[in-house]
Amino acid sequence: MAQKPTIPKGTRDFSPAEVSKRNYIFSTIKHQFQKFGFQPIETPSFENSDTLMGKYGEEGDRLIFKILNSGDFLKKVDDHAFAEKNSQKITTQISEKALRYDLTVPFARYVVQHQNEIEFPFKRYQIQPVWRADRPQKGRFREFYQCDADVVGSDSLWQEVEFVQLYDAVFTALGLEGVTLKINNRKILSGFAEVIGESDKLIDFTVALDKLDKIGEEGVIKEMQEKGISAEAIKTIQPIFSLTGDFSTKIQGLKEILAESEEGKKGIEELQFIQRALEAMPLETAKLDLDVTLARGLNYYTGAIFEVAAPEKVKMGSIGGGGRYDDLTGIFGLKNMSGVGISFGLDRIYLVLEELGLFPASAEANTQVIFINFGEKEALYAMKAVKELRTQHIAAEMYPDAAKMKKQMNHANKRNISFVVLAGTKEMEEEKYTLKNMKTGEQSSVSLQEMIKTIS
RNA sequence: GUGGUUGUAGCUCAGCUGGUUAGAGCGCUGGUUUGUGGUACCAGAAGUCGCCGGUUCGAACCCGGUCUUCCACCCCA
C-alpha cells in the first residue's frame, strides 16, 4: 500500500455513527433555538481580514488562519518589509482573507451590513464551523462547530433571563444533568478594579482573577503582583476570595465590597434581576451559580458574562459561554446596538455525552429492514416490497448482489439491522415473506401488510 | 507561540541492554454449514515498525530533523 494519506493537525473525519450523533445534538439545539424565537442565518467561512483582525486581541490575531492571496502574491510585497522578515507586515500584504474565528464577530458584521433590512430586536442563531490555529488538546480542535444564539437591539435584562432558560432547556433536552451555569457581570469586575484604584489594570486584574480555580488564591495574588497591582490594593480586594454560599449570600458579600462603586452596584442590580426572575421560574436541570472570578477572555463583554461548566465528574473545559456586549457593532460603525448572546461548544458537548453514555439509541439512524437477494426473479419481488415499505416511511433496502446467504446475513448483522426478509420461490408462490427478527432470532411467514405492521 | 509526550497489521498493544524470516488478541477473508447472522472449530491474507537523514558490520530499538497524538502553559468552545 502507498503511504497513507493524513488530515491536518486538529481536524477530524466523522464516521456515519459520529455524524448521526452530532446531528442529534444539532437538531436538539436547533429545536430549542427555534422554540425561543431565534432565526437561522449563515455567513461565509472566510471574511475579509480586516473584519476579523484586531477583534480578539493580540492572542486571537495569532490564532486566525490567514488565506494566501491567489496569483503572484509576492509581487505586492514591500521590499523593505521582506528584507527585514517582518512577518506581520508581509502577512497583510499577501493575505486579504481569513477563516472565521468565531460566529459573533461575523454576526456583528452581518448586522451592520444588513441593518436596514433587519427588524430589531433581531434574534438569530447560527451553527457553523470555526477555525483556530491553536495547539490541539482534548476537546480543543483547529476546526470545530459553534452553535450561537444572539439578540441585538435590546437592553432588556429579560434577554439574559431567557438565555439562562435556553441553556437549561438545551441541556435538559440532551439529558445532561449537573450542568452549572456560571454567571458574572463585567460591571462587577470593573467595580473591583475601581474600588482598589486600579481601573487602568482592569484586564490584567480580571485575567488573573479568572484563574482562581486553577492556580488558587496565592497564585492569583502572585500574578496580580507581577502585573503591578499594589499589595495594598490586593489586600482591599481579598474578601472576594472568600465569597461563598448560595447566590444571595454572595450578593450580600458583593454589596459590602462594592459599596463605593456605582458601576459595581449596577452590576449587582443586574445580577439580582436575573436571579429573582429565575427564582420565580426555576430551572429544570441546570444550576445557576454566581462566580465573581468568571472573566472570560473577550473584552467586548460589558454586562452579563456566562460560562457553562460540564458536570463535575467529567473533566472538560467549558462547554459554552456568552455575555452582553453593549457595543459589538460599534467596531463596524453602528453605535448604540446592545447585544447579548450565548454559544454552545458542540464538539465538547459530544465528548461529554459520549463519556456519560447519554446518546439515545434513536440518535443513530439506520436501515430497519434488509431483503436477502436470492437471484434475478426473487430480487424483483423483493424490490417491489422495498419500494412499498419506503412509501410507508420504513428505511428498507435489498442486498444488491445474490451473494451467499451467510454473507448477506452477516452484513445485516454487522450493520445492526433489526429485520431481515427472506423471499425465495416458496414465498413468491404464496405471496408472502419470511420476516426474521435479528435480535430474537424468531421468524415467521407474513404478508406485506403484516410486515409493515411488525416493523413500524 | 513555549515545554514535554506519543507513533509497530484495519483496531488495541507486546517486542529484553541494537543481532537472522517483527509477534499476540480482536477484526478481516475462506471453510466446517449450496435458505439463515451473532457462538464454536479449522485454515489464510495482511506491516517500507509515522516520515527523512545520520551513527553502526548490523537500527523498530541509538542520534538529529520533521509530521502526528496527548498533556501542561498561553489562550479558549
Asks: Is A/Gln408 side chain donor-acceptor paired with the B/rU36 base, going by distance under 3.5 Å alone?
Replies: no
Asks: Does a salt bridge link A/Glu270 with A/Lys187, judged by any charged N lying under 4.0 Å from a carboxylate O?
Replies: yes
Asks: Using a heavy-atom cut-off of under 4.0 Å over every strand shown, decide if A/Lys211 touches base, sugar-phosphate, or nothing.
Replies: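 Result for A/Lys211 = sugar-phosphate.
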Asks: Nearest-Å distance, CD (A/Glu427) to P (B/rU36)?
Replies: 13 Å
Asks: How is A/Gly60 classified with respect to the nucleic acid when contacts are heavy atoms under 4.0 Å: base, sugar-phosphate, or nothing?
Replies: nothing
Asks: What do you reckon, do A/Phe144 and the base of B/rA77 stack, with centroid distance below 5.5 Å and planes below 30°?
Replies: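 Here the ring of A/Phe144 and the base of B/rA77 are stacked, with centres under 5.5 Å and planes under 30°.
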Asks: Please name the residue in the list A/Arg62, A/Arg140, A/Lys9 that meets the salt bridge (Lys or Arg N to Asp or Glu O under 4.0 Å) test with A/Asp134.
Replies: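 The single option meeting the salt bridge (Lys or Arg N to Asp or Glu O under 4.0 Å) with A/Asp134 is A/Arg140.
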Asks: By nearest nucleotide on RNA chain B, pick out whichever of A/Lys406 and A/Arg135 is the more 5' one.
Replies: A/Arg135
Asks: Under 4.0 Å between a Lys/Arg side-chain N and an Asp/Glu carboxylate O for A/Arg415 and A/Glu397?
Replies: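 So A/Arg415 pairs with A/Glu397 through a salt bridge.
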Asks: For the C1' atoms, the ones on B/rG7 and on B/rC49, what distance do you get once it is rounded to whole angstrom?
Replies: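 The answer is 10 Å between these two C1' atoms.
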Asks: Kindly point out which of B/rG1, B/rG35, B/rC75 is positioned nearest to the side chain of A/Leu63?
Replies: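 Within the option list, the nearest is B/rC75.
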Asks: For atom P, what is the distance between B/rU48 and B/rG65, given to the nearest Å?
Replies: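 Going atom to atom, P in each nucleotide, I get 26 Å.
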Asks: Salt bridge (Lys or Arg N to Asp or Glu O under 4.0 Å) for A/Lys250 and A/Asp289? Distances and angles first, verdict last.
Replies: CA-CA 10 Å; A/Lys250 286 181 188 168; A/Asp289 187 29; 3.0 Å; yes
Asks: Select one nucleotide: of B/rG35, B/rG27, B/rC75, the one nearest the side-chain heavy atoms of A/Arg140.
Replies: B/rC75
Asks: Which one of A/Met451, A/Gln368, A/Glu388 satisfies the side-chain contact (heavy atoms from CB on, under 4.5 Å) criterion with A/Ile394?
Replies: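 Of A/Met451, A/Gln368, A/Glu388, side-chain contact (heavy atoms from CB on, under 4.5 Å) with A/Ile394 is met by A/Gln368 alone.
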Asks: What contact category does A/Gly139 fall into here, base, sugar-phosphate, or nothing, at under 4.0 angstrom with non-hydrogen atoms?
Replies: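 Base contact.
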Asks: Between residues 448-456 of chain A and RNA chain B, which residues have a heavy-atom gap below 4.0 Å?
Replies: none
Asks: Roughly how many Å is it from OH in A/Tyr101 to C1' in B/rC76, rounded to a whole number?
Replies: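 So the two atoms are 6 Å apart, to the nearest Å.
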Asks: Using every non-hydrogen atom in the two residues, find where A/Ala382 and A/Phe371 come nearest and quote the distance to one decimal.
Replies: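 Here A/Ala382 and A/Phe371 meet closest at CB-CD2, 3.7 Å.
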Asks: Starting the side chain at C-beta, find the nucleotide from B/rC70, B/rC75, B/rA77 nearest to A/Ser318.
Replies: B/rA77
Asks: Side chains of A/Leu294 and A/Ile183: does their closest heavy-atom pair fall under 4.5 Å?
Replies: no
Asks: Can a salt bridge be assigned to the pair A/Glu223 and A/Lys211 using a cut-off of 4.0 Å between side-chain N and carboxylate O?
Replies: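 Counted as a salt bridge, because a side-chain N and a carboxylate O are separated by less than 4.0 Å.
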Asks: Please pick, from B/rC75, B/rA77, B/rG27, the nucleotide with the shortest atom-to-atom distance to any side-chain atom of A/Lys414.
Replies: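 So the nucleotide nearest the side chain must be B/rG27.
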Asks: Report the distance from atom CD of A/Glu59 to atom P of B/rG1, rounded to the nearest whole Å.
Replies: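 Whole-Å distance recorded here is 11 Å.
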Asks: Would you indicate what A/Gly375 reaches in the nucleic acid, counting non-hydrogen atoms under 4.0 angstrom: base, sugar-phosphate, or nothing?
Replies: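 Nothing, no heavy atom under 4.0 Å.
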Asks: Measure the distance from CG on A/Asn410 to C1' on B/rU33 and round it to the nearest whole Å.
Replies: 13 Å
Asks: Which string of ( ) [ ] | and . matches RNA chain B, if you list each base 5' to 3' and count Watson-Crick or G-U pairs only when both distances are under 3.5 Å?
Replies: ((((..(..((((.....[...)))).(((((.......))))).....(((((..]....))))))..))))....
Asks: With a 4.0 Å cut-off on heavy atoms, is A/Leu422 in touch with a base, just the backbone sugar-phosphate, or nothing at all?
Replies: base
Asks: Please report the distance separating the P of B/rA14 from the corresponding atom of B/rG58, rounded so that it comes out in whole Å.
Replies: 29 Å
Asks: Mind checking A/Thr11 for me? I need base, sugar-phosphate or nothing, with any heavy atom below 4.0 Å counting as a touch.
Replies: nothing
Asks: Do NZ/NE/NH1/NH2 and the carboxylate oxygens of A/Arg22 and A/Asp347 come within less than 4.0 Å?
Replies: yes
Asks: Taking the nucleotide of RNA chain B with the closest heavy atom to each, which residue, A/Pro136 or A/Glu223, is nearer the 5' end?
Replies: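 Result of the comparison: A/Pro136.
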Asks: Considering only B/rG37, B/rA77, B/rC75, which nucleotide approaches the side chain of A/Arg348 most closely?
Replies: B/rA77
Asks: Return yes if the base of B/rG37 and the side-chain atoms of A/Asn413 contain a donor-acceptor N/O pair under 3.5 Å, otherwise no.
Replies: yes
Asks: Taking the six-membered ring for Trp and the full ring for Phe, Tyr or His, determine whether the centres of A/Phe36 and A/Tyr125 are under 6.0 Å apart.
Replies: no
Asks: Whole angstroms only, please: what is the CG-P distance between A/Asp210 and B/rA77?
Replies: 11 Å
Asks: What is the distance from OH of A/Tyr399 to P of B/rG37, rounded to the nearest Å?
Replies: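 Taking atom P of B/rG37 as the reference, OH of A/Tyr399 is at 15 Å.
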Asks: What distance, rounded to whole Å, do you find between the two C1' atoms, one in B/rG47 and one in B/rA24?
Replies: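 Each nucleotide's C1' atom is 14 Å from the other's.
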Asks: Measure from the ring center of A/Phe46 to the ring center of A/Phe65 and say whether it is less than 6.0 Å.
Replies: no
Asks: What is the distance, to the nearest angstrom, from the CG atom on A/Leu181 to the C1' atom on B/rA77?
Replies: 15 Å
Asks: With a 3.5 Å cut-off and just heavy-atom distances, do the side chain of A/Lys436 and the base of B/rU36 make a donor-acceptor pair?
Replies: yes
Asks: Using the rule side-chain contact (heavy atoms from CB on, under 4.5 Å), only one of A/Gln443, A/Met438, A/Gln408, A/His411 pairs with A/Val420; which is it?
Replies: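 Of the listed residues A/Gln443, A/Met438, A/Gln408, A/His411, the side-chain contact (heavy atoms from CB on, under 4.5 Å) partner of A/Val420 is A/Met438.
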Asks: Ignoring hydrogens, what is the shortest heavy-atom contact between A/Lys123 and A/Phe38? Give both atom names and the distance.
Replies: CB-CD2, 3.5 Å
Asks: Taking atom C1' of B/rU2 as reference, at what distance in whole Å does atom CD of A/Gln137 sit?
Replies: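 My rounded result for the distance is 13 Å.
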Asks: Would you classify A/Phe344 as touching base, sugar-phosphate or nothing, given that sugar-phosphate means primed atoms plus P, OP1 and OP2, and contacts are heavy atoms under 4.0 Å?
Replies: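 The answer is nothing, as A/Phe344 stays clear of every strand by at least 4.0 Å.
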Asks: Using heavy atoms and a sub-4.0 Å distance, could you list which residues of residues 36-53 of chain A are near RNA chain B? By number, please.
Replies: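 Contacts with RNA chain B under 4.0 Å: none.
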Asks: Are any non-hydrogen side-chain atoms of A/Arg348 and A/Ser318 less than 4.5 angstrom apart?
Replies: yes
Asks: Could you measure between the two C1' atoms, the one in B/rG30 and the one in B/rU66, and give it in whole Å?
Replies: 42 Å
Asks: Could you give the distance separating B/rU33 and B/rG10 at their P atoms, to the nearest angstrom?
Replies: 33 Å
Asks: With rounding to whole Å, what would you report as the distance between B/rU39 and B/rC76 at their C1' atoms?
Replies: 50 Å
Asks: Under 3.5 Å, is there any donor-acceptor pair linking the side chain of A/Glu378 to the base of B/rG35?
Replies: no
Asks: B/rU33 phosphate, OP1 or OP2: any side-chain N/O from A/Lys404 under 4.0 angstrom?
Replies: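 No, because none of the side-chain N or O atoms of A/Lys404 sits under 4.0 Å from OP1 or OP2 of B/rU33.
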Asks: Which atoms form the tightest heavy-atom contact between A/Pro360 and A/Tyr24, and what is the distance?
Replies: CD-CZ, 3.4 Å
Asks: Taking atom P in both B/rA60 and B/rG19, compute the distance separating them and give it to the nearest angstrom.
Replies: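 About 9 Å, rounded to a whole number of Å.
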